[in-house]
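Okay, so here's the structure we're looking at.
Numbers restart at 1 for each chain; the letters A, B, ... are given by sequence-line order, proteins then strands. Quick caveat: nothing in here was measured; it's all calculated off a predicted structure.
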Protein chains: 2
Amino acid sequence: MDTLETRELRYFVAVAEELHFGRAAERLGMAQPPLSRAIQQLERRLGVCLLERNRRGVRLTDAGEVLLHEGRAALDAIAAATRRTRRAGGADGPGGSRGRLVLAVKAAASHELLRKLLDAYAAEPGSAEIELLPCGICEQEELLRDGRADAALMHTPWNSLAGFDSEALTTEGQVAVLPAGHPLAARESLSLADVRDVPDLPLARWPTRGTYAPGPGPEIHNQTQLAQLIALGRTVAVVPDSARSWLWAEHTAVPLTDAPPVVTHIVWPAHSRSLTLAGLVRTATRL
Amino acid sequence: MDTLETRELRYFVAVAEELHFGRAAERLGMAQPPLSRAIQQLERRLGVCLLERNRRGVRLTDAGEVLLHEGRAALDAIAAATRRTRRAGGADGPGGSRGRLVLAVKAAASHELLRKLLDAYAAEPGSAEIELLPCGICEQEELLRDGRADAALMHTPWNSLAGFDSEALTTEGQVAVLPAGHPLAARESLSLADVRDVPDLPLARWPTRGTYAPGPGPEIHNQTQLAQLIALGRTVAVVPDSARSWLWAEHTAVPLTDAPPVVTHIVWPAHSRSLTLAGLVRTATRL
DNA sequence: CGCGGTGATACCCGGCGGGTATGACAGGAC
DNA sequence: GTCCTGTCATACCCGCCGGGTATCACCGCG
């Protein structure tokens, strides 16, 4: 009468994402009629209309929109339960050591900090093995939610810490990275306004929470690509101070006076009660 | 091969909580043998040992401990999906107005603020109906997690905001509430040390995150009980400044110089995307 | 008017979730 | 020792329901 089954959630999310019973059924590896029936049963059990079936396609009702969001969150929680239990049971990969932690990090971000953290933690008595999970620009939230990672290093203001527990580790300023020969590269310092208004160098755009702000500059997907575009004189970027470590000879970094500071946090699921994780966090905050 | 069913989670959580197949089966309204079999299947599918069956009782393994925590979170998420979808579909209670929001509040806490918030929000164009859900001292987290509430008013440092999104609304100092006739009641101000060391008045103990710290004072369950115990000269309490509004004639409030400030927040699930909720939060932050 | 494409309906079947009866085993009372 | 008791596991059966196939009803379109 009340509790939804995982299967029903999976089915509904598939239909709500595809907005097409046939395609959704294909994605789920089943035939279309039982899927239609399952969704009908779901609507009857909830006492709520989730989909508007116009001939030619399907649309979500307000309630359907809610169930899509909440259902995704619930499916993530279930996947997380599976993954973390398997990991705790030593049923993963080779070695199968107990208490292993998976730490999600953006490639090449906070490199110095990460090295110090790993060294310091490994020196702790009784420390567990830390597996690093390199991930894309804004993937950490998802990895924490669905249990593929147990902790992550995140950087405000780019990442959102909402929904997680976190501790701030370091704060740093930002610099503008310019082609070495550019006139602005000779300046002692710059303001954000300076950088935004260079006519021949449109500001590179990083994704914020997975989407790109509109603008003239190129959309950046990884750090190597960015480095190359800057070196070729096609763009300028605003990056944290610690990014100086991967600059090329053809780059010049100029401090920004008014850019928001970048804070690196260690982040974990709010409900976590793992002692292993607590140890890692303690080590991190003591750095 | 991988995704857990809601039923399996329910079964496992019941067994893990009871540590007894028979009682768990009774709680689930089923017979013991199929429950045993279901747990075995679960262990085989996860490839992990969850329970240690000694004759005479059952114990959780480390992996079982993890699944208990993560499974509870997942079940909460599923319950939340059900409740919020039903609410969005207007399938709840009489009236069935769309976009209704449920706001969880501790009885009598932040009364002034709550009145202002409700008035201001009701005056907004297109505002939804706000249903108030009075709750116990530290129940708000649970209500948000399992979907019985959409938002809550919480007070740091008593409530933990971990896992939620929040906005701070007001900050206030704390006062010591004493029986009117007590010698300390004549003082202009007090320190926490003063209040803690009154030999004839042990400090009342509020639950923090659901549990009571050890101490000599009485365990407080609600505000009326506290008021009475103070009036009878049995205890002294440290409460936020706004609590002056419910004091009796037999009470005296004395400002505390070094008590941590109490911050009232409006709190909501981090993944929420509801426009109605956003409107309420906007109103609240503008107060 | 037929045709393609949509979701819904009708019907059948096999698997599995659940029940009952019973077993295996350890510990306590005596 | 020998019960008895309380625990979880095993064996077996059955009915339900989830899933498949075939088909329908409907609409838009050339």
Side chain to side chain, B:Arg282 and B:Tyr121, heavy atoms closer than 4.5 Å: no

Would you call B:Arg53 and B:Glu43 a salt bridge, taking side-chain N to carboxylate O under 4.0 Å as the test? yes

When the distance from CG of A:Leu42 to P of D:dG19 is rounded to whole Å, what number comes out? 13 Å

From CD of A:Gln40 across to C1' of D:dG19 the rounded distance in Å is 15 Å

Residue pair B:Glu131, B:Leu101: steps toward the side chain to side chain contact (heavy atoms under 4.5 Å, CB included) verdict: CA-CA 6 Å; B:Glu131 183 180 332; B:Leu101 280 185; over 6 Å; no

Going by atom types only, do B:Thr6 and A:Thr6 share a side-chain donor-acceptor pair under 3.5 Å? yes

Test side chain to side chain donor-acceptor pair (under 3.5 Å) on A:Thr61 and A:Glu65; report intermediate values, then the result. CA-CA 6 Å; A:Thr61 64; A:Glu65 209 80 62; over 6 Å; no

Side-chain N,O (A:Ser36) to OP1/OP2 (C:dG7) below 4.0 Å: no

Using salt bridge (Lys or Arg N to Asp or Glu O under 4.0 Å) as the criterion, point out the one residue from A:Arg100, A:Arg84, A:Arg273 that pairs with A:Asp150. A:Arg84

B:Leu67: which of B:Val48, B:Asp62, B:Leu4 passes side chain to side chain contact (heavy atoms under 4.5 Å, CB included): B:Leu4

Is B:Arg72 salt-bridged to B:Glu17, cutoff N-O under 4.0 Å? yes

Do any of residues 5-32 of chain B sit with a heavy atom less than 4.0 Å from DNA chain D, and if so which? B:His20, B:Phe21, B:Gly22, B:Gln32

N or O in side chain of B:Gln41 less than 4.0 angstrom from C:dG17 OP1/OP2: yes

Rounded interatomic separation in angstrom, taking CD1 from A:Ile39 and C1' from D:dG18: 14 Å

D:dC8 P sits how many Å from B:Leu35 CG, rounded? 9 Å

Return the polar atom pairs (N/O with N/O) between nucleotides 10-15 of chain C and the protein under 3.5 Å, or none.
none

